[in-house]
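Presented below is the structure to which this report refers.
Letters A, B, ... mirror the listed sequences (proteins, then strands); counts begin at 1.
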Amino acid sequence: MYAYDELDRTLINERVSEFRDQVKRRLSGELTEDEFKILRLQNGVYLQLHAYMFRVAIPYGTLSSKQLRRFAHVARRYDRGYGHFTTRQNIQFNWIKLAELPDALADLAEVGIHAMQTSGNNMRNVTSDQWAGVAPGEIEDPRIWSELIRQHTTLHPEFSFLPRKFKIAITAAEHDRAAIKIHDIGLRLHKNADGETGFEVLVGGGLGRTPFIAKTIKPFVPGRDILSYIEAILRVYNQYGRRDNIYKARIKILVHELGIEKFAKEVDEEWKAMGDVGLTLDHTAIEEVRSRFSYPAYEKLPHMPDELKQAAHDKLFERWRKNSVSAHKVQGYSIVTLSLKPVGGPPGDATAEQMDAVADLADKYSFGEIRVGHEQNLALPHVAKRDLPALFKALDRLGLATPNVNLVTDIIACPGLDYCSLANARSIPIAQELTRRFANHDTADLIGRLHINISGCINACGHHHVGHIGILGVEKNGEEFYQITIGGRADENAQLGTLIGPAVPYAEVADVIEDIVEAYLALRDRPEELFVDTVKRLGVEPIRERVYATR
Amino acid sequence: MTSPLEQKKIRITGPSVVTANRTWDGAVVYRTAKQGWSTELADSAIVNTSDEARALLAEATADDVGAVGPYIAPVELKDGGKVKPGNLREHIRAKGVTIDLQVPA
């Protein structure tokens with residue numbers, strides 16, 4: 001956990017006071033909506049179909065039990081008893097009243113939570129691997145760097161009015177769980193030949209109307225220089241990024257139009273021209289931030305405790321353990337993913353009761369810490385293996401032990417037309433129907449790792465382009481239709497999916513997905529070959545033929 | 001459903017209303033014939049021509065304190081004069097989400 005200092009606390013409290021005054025002036029008519037809109041967006045407040053939506057940041061996906069309980073409190077007191085975890089380590093409340101928002105913000109500020117820069121054309125929440133600090137083989141905890149970047153970019157005047165929103169993600173593990181290649185800047189922490197820690201810097205990734213996979217702009221930037229290098233990228237973007245056309249304003253378009261070599265050259269020249277602007281991170285500055293992260297006092301525990309051996313005869317426990325429990329860097333401990341994808345449930349939603357209960361379980365079994373992943377699930381990052389059987393029973397009672405992590409029903413979905421004012425079609429009911437179709441866990445296990453991503457419009461909040469199966473809602477003559485892509489992925493081998501055929505109406509989507517999965521099962525050359533690898537080996541055509549032959 | 005945020009030209013082809021979100025709480029509201037707002041679609045002023053729609057929208061837009069983001073939305077008039085939302089988006093706004101929330105009552 002990161003402990004905020006006095007400066008952080010003052011900043012957050014001042015923001016609450018400012019926003020309270022802004023809301024008061026809006027409600028009195030002193031501010032028009034045009035004047036107020038940019039102010040509310042700077043505090044994560046959108047206006048959606050039914051109500052205001054309040055987006056709150058969870059920096060690098062790390063939460064304390066106290067903070068999660070406060071989310072439950074906000075959900076219960078100011079909203080309708082639940083919240084929605086997003087694909088960028090935020091939580092959204094869907095029914096909040098503008099008049100009560102300053103109170104909600106004040107309640108969150110008491111536990112060091114805020115909504116600054118969760119919307120608007122600025123630097124958004126810096127995201128990271130939800131297993132940061134506990135994943136085996138990690139170079140080092142990427143959250144140290146996420147926090148350094150967060151501090152530097154928060155309310156930075158040069159980054160507050162960018163041509164468009166700007167997102168950074170960081171990973172330090174071999175397997176990319178932070179989806180860095182679909183971010184404006186992706187940072188991969190690694191060591192060079194001299195053993196020095198630094199970053200591979202990727203730029204120009206993003207989904208939406210014009211999707212691109214990020215390209216490497218520099219293979220190695222020493223850690224001490226990362227702030228100045230990011231600043232150089234932002235300066236080039238600020239100078240050349242388009243402000244005349246919202247659809248061409250993201251940095252990915254600039255990188256694409258200039259070409260990565262020319263863009264890299266511009267950044268290098270800017271970087272050199274900047275000289276020493278006081279952004280070099282010396283050892284003391286890095287260690288100061290590192291020292292504000294607290295780590296658990298792990299016990300020395302056996303790799304295979306008796307409790308785990310005794311529970312091995314319980315089939316339900318074993319199924320869950322194999323699916324949702326992952327290796328930890330410390331012997332005797334595990335990382336436990338809590339599926340927020342129950343059969344028939346809206347992906348990523350958690351009730352206030354569930355949030356409170358998870359906070360209690362985090363206190364009991366995970367040193368009071370919870371993580372939030374971009375896949376819209378939670379995780380307990382420090383669970384002693386001896387506690388896994390008891391934790392499973394508790395999670396099962398809460399509906400949080402669905403053994404479907406990374407399987408076909410672990411669906412990423414945006415709120416879609418049920419909530420979102422930008423959406424063209426519904427996402428959640430499609431996800432719900434698919435989870436019912438694949439509700440049999442034996443079938444899901446047989447299918448293996450398969451990520452379905454659903455977006456209700458081209459803005460791609462559900463990351464459909466990089467789903468192994470991607471589903472995009474569109475409108476045709478007032479009806480909901482869905483385009484389906486296959487072969488996308490969001491990890492270290494990220495790539496965009498390929499359209500498999502004509503868009504299908506709402507009522508046929510689940511049938512088509514079932515047919516795609518059946519085609520994969522028939523075409524894979526062995527049970528271990530994952531869906532995405534079968535598509536890579538065979539291309540789209542054999543699957544298209546089977547799925548669309550009778551349509 | 002094409003977002004009304006992209007609504008540029010005002011040309012209606014059937015009965016329509018002006019709808020928005022109430023400023024203080026964001027609730028869905030409809031412009032009434034009495035130059036106010038109501039949360040009930042049944043209370044809305046119905047317009048049938050583009051000129052009427054433009055006039056109603058202009059009047060609604062002038063009330064910046066009462067409601068946010070007014071736009072013209074289609075409705076269907078059923079037998080007996082009952083007003084129904086004219087598309088799925090407006091149905092969801094009027095009736096709520098179409099999903100089982102699994103939230104305790």
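Residues B:D51 and B:R54 are paired through a salt bridge, judged by an N-O separation under 4.0 Å between the basic side chain and the carboxylate. By the 4.0 Å N-to-carboxylate-O rule, A:D103 lies too far from A:R77 to be salt-bridged with it.
Of the atoms belonging to A:L27, heavy atoms from both backbone and side chain fall under 4.5 Å from chain B. In this structure, chain B has no heavy atom under 4.5 Å from any part of A:E100. With a 4.5 Å cut-off on non-hydrogen atoms, A:I96 touches chain B through its backbone but not through its side chain.
No more than 12 heavy-atom neighbours from other residues, nucleotides or ligands sit within 6.0 angstrom of CD1 on A:I246. In this structure, B:R11 places its CZ atom where only 12 or fewer heavy-atom neighbours from other residues, nucleotides or ligands lie under 6.0 Å away.
For A:H50, the ring-ring contact (aromatic ring centres under 6.0 Å, His included) partners two or more places apart in sequence, or in a different chain, are A:W95. With sequence neighbours left out, the side chain to side chain contact (heavy atoms under 4.5 Å, CB included) criterion links A:R436 to A:V343, A:Q432, A:E433.
Looking at A:T86 and A:R55, their side chains never bring a donor and an acceptor atom within 3.5 Å of each other.
Using a 4.5 Å cut-off on side-chain heavy atoms (C-beta onward), A:I430 and A:Y506 make contact. The shortest side-chain heavy-atom distance between B:K84 and B:E90 does not fall under the 4.5 Å cut-off.
Listed options B:V68, B:V65, B:D64 were ranked by heavy-atom pairs under 4.5 angstrom with chain A; first place goes to B:D64. When A:L31, A:D34, A:D418 are compared by the number of non-hydrogen pairs under 4.5 Å with chain B, A:D418 comes out ahead.
Residue-level contacts of residues 35-46 of chain A with chain B do not occur; threshold 4.5 Å between heavy atoms. Residues of residues 19-30 of chain B that come closer than 4.5 Å to chain A, counting heavy atoms only, are B:N21, B:R22, B:T23, B:W24, B:D25, B:G26, B:A27, B:V28, ordered by residue number.
Put simply, OG on A:S455 and CG on A:L422 are 12.0 Å apart, with the number rounded to the nearest 0.5 Å. For the atom pair B:L57 CG and B:S16 OG, the distance stands at 11.0 Å (nearest 0.5 Å).
With hydrogens and angles disregarded, no donor-acceptor distance shorter than 3.5 Å links the side chain of A:E475 to the backbone of A:E480.
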